[in-house]
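Computed over heavy atoms, backbone and side chain alike; hydrogens, waters and symmetry mates excluded. It should be emphasised that the depicted structure is a prediction, and the values quoted were computed from it without experimental measurement. Residues: numbered from 1 along the sequence shown.
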Amino acid sequence: MNFKDLAYFTRLVDRQSFSRVAEDFQVTQPAVSAALRRLEKELAIPLVDRRQSRREVTLTPAGNQFYAHASRILNEYHRSQQDLVSLEKGTVRLGLPPIISQNLLPQLAPALQEADLFSALKPVEGGSNQILQKLLAGELDAAFIGTAGSLPADTLDVEELTSAEFAIIVSQQHPLANRNRVSFSEFVDDPFIMLEPGYVQDNVFHQLSDAGITPQIRFQTSQVELIKQLVAVNAGVSLLIDLAISQSDPLIALPLLDDVPPFRICLVTRKGQHPNAATQAFIDLVRRELKGA
């Protein structure tokens, strides 16, 4: 059994067409058919029900079960390739959500400079949900991830570094700017300027909206600074974590009275991975500087 045959088979299930698989891999259709036959011969069981229409690929019960195993095997193979590339290069492919990076990296900067690790960092930016998927896929060596829930402990090593609170962000001129705490329902008529889907704040916004409160989302972006600029000129309000607002921002962060879980900021790696020297040095540095380990 070889990886190419597995790749042809899983793509065949996904694409539902021998011709499309042949185009994807730039091979002939007979080559795809031959790969399927080799797998069936080696496994001694049919994977595809050939009594069904030739217009679609119908798997046998064994084919369905084998597809799940083959997909996991290929995913693990891909992760191992990524790990070996990282091990050879001596770099740290680091997942960085924007709000977390703007708070943690300045704290770590002096130690990173002293340890000569800045040049080893290869940042990959995005929302925590997006970064989590990249980490699980083996595309990252480590990540700072924010979460309002739990992370899969069976596949990840998670170390909580700090936490923050969700808050409604308003301009200094907003009618509720002088309040100490607010309820989400008080902003039902305010347009929201939000982070795009894939960010934890968007998840929490929709959890709060599920209670029957559905404010209008006027604009969404991946740029935190743009959100703050738009809120500052009264284009709307936002839901962010309090760490996103600095003393120099002309904004007010209003803590929520609603039952909202804290935003936990964690250093996350995959269980069972063997980090290269640069990644291990970075992990040790973060533990030392942010956890006192």
Side-chain angles (χ1 to χ4, degrees), residues 94-105 123-137 139-140 143-152 156 158 160-171 174 176 181-246 249 251-268:
L94 179 64
L96 283 173
I99 296 177
I100 295 176
S101 64
Q102 72 183 28
N103 281 276
L104 293 191
L105 276 189
V124 177
E125 297 181 335
S128 287
N129 295 341
Q130 299 162 336
I131 286 174
L132 176 59
Q133 295 308 311
K134 289 181 181 292
L135 182 66
L136 290 170
E139 298 173 18
L140 299 173
F144 291 122
I145 289 178
T147 179
S150 59
L151 294 170
L156 298 174
V158 180
E160 184 172 342
L161 302 174
T162 186
S163 64
E165 299 296 327
F166 289 97
I168 301 293
I169 311 303
V170 302
S171 72
H174 193 278
L176 299 181
R181 300 182 77 85
V182 293
S183 297
F184 185 70
S185 60
E186 295 180 82
F187 297 87
V188 65
D189 295 323
D190 285 84
F192 273 74
I193 313 295
M194 290 295 299
L195 284 166
E196 295 173 344
Y199 291 82
V200 176
Q201 288 82 351
D202 182 71
N203 296 346
V204 172
F205 178 87
H206 287 289
Q207 289 173 15
L208 290 166
S209 299
D210 286 343
I213 306 158
T214 54
Q216 170 200 354
I217 296 180
R218 172 171 285 174
F219 184 72
Q220 288 185 282
T221 177
S222 62
Q223 301 179 45
V224 176
E225 288 304 314
L226 177 56
I227 289 176
K228 296 198 294 184
Q229 291 168 10
L230 291 173
V231 172
V233 297
N234 296 304
V237 301
S238 189
L239 174 69
L240 295 171
I241 57 172
D242 50 13
L243 286 179
I245 308 304
S246 66
D249 289 322
L251 299 168
I252 306 295
L254 300 171
L256 283 163
L257 289 165
D258 305 79
D259 185 17
V260 180
F263 181 84
R264 297 186 300 118
I265 300 174
C266 307
L267 174 65
V268 186

Using side-chain contact (heavy atoms from CB on, under 4.5 Å) as the criterion, list what pairs up with [X], not counting sequence neighbours.
X	value
I213	F184, S185, V188, P215
P262	E165
P191	Q216, R218

Please evaluate residues L176 and I168 with respect to the criterion side-chain contact (heavy atoms from CB on, under 4.5 Å), reporting the C-alpha separation (whole Å), side-chain torsions for both, the decisive distance (0.1 Å), and the verdict. CA-CA 10 Å; L176 299 181; I168 301 293; over 6 Å; no

Would you compute the distance between atom [atom1] of [X] and atom [atom2] of [Y] and round it to the nearest 0.5 angstrom?
X	Y	atom1	atom2	result
I265	T162	CD1	OG1	5.5 Å
R181	L256	CZ	CG	7.5 Å
L239	I217	CG	CD1	10.0 Å
I131	L136	CD1	CG	12.0 Å
L135	L151	CG	CG	9.5 Å
I241	I99	CD1	CD1	5.0 Å

Less than 4.5 Å apart, side chain to side chain, heavy atoms only: is that true for [X] and [Y]?
X	Y	value
L254	V170	yes
I169	I245	yes
V182	D258	no
L161	L104	yes
P97	I145	no

Mind checking what makes ring pair (Phe, Tyr, Trp, His ring centres under 6.0 Å) contact with F187, not counting sequence neighbours? H174

Would you give me the side-chain donor-acceptor pairs under 3.5 Å for residues 123-130, sequence neighbours excluded?
| unit_1 | atom_1 | unit_2 | atom_2 | d |
| --- | --- | --- | --- | --- |
| S128 | OG | G146 | N | 2.9 |
| S128 | OG | G146 | O | 3.3 |
| Q130 | OE1 | G127 | N | 2.8 |

So, using side-chain hydrogen bond (donor to acceptor under 3.5 Å, both in side chains) as the criterion, who are the partners of [X] when residues are at least two apart?
X	result
T147	none
Q223	none
E225	K228
S246	S248, D249

How close do [X] and [Y] get, heavy atom to heavy atom, and via which atoms?
X	Y	result
S209	T214	O-CG2, 4.0 Å
I252	S171	CG1-O, 4.3 Å
S183	L257	OG-CD1, 3.6 Å

Please tabulate, for the side chains in residues 192-206, all donor-acceptor contacts under 3.5 angstrom to protein atoms that are two or more places apart in sequence or on a different chain.
| unit_1 | atom_1 | unit_2 | atom_2 | d |
| --- | --- | --- | --- | --- |
| D202 | OD1 | H206 | NE2 | 3.4 |
| D202 | OD1 | Q220 | NE2 | 3.3 |

So V260 and L208, side-chain contact (heavy atoms from CB on, under 4.5 Å) or not? Walk me through it. CA-CA 8 Å; V260 180; L208 290 166; 3.9 Å; yes

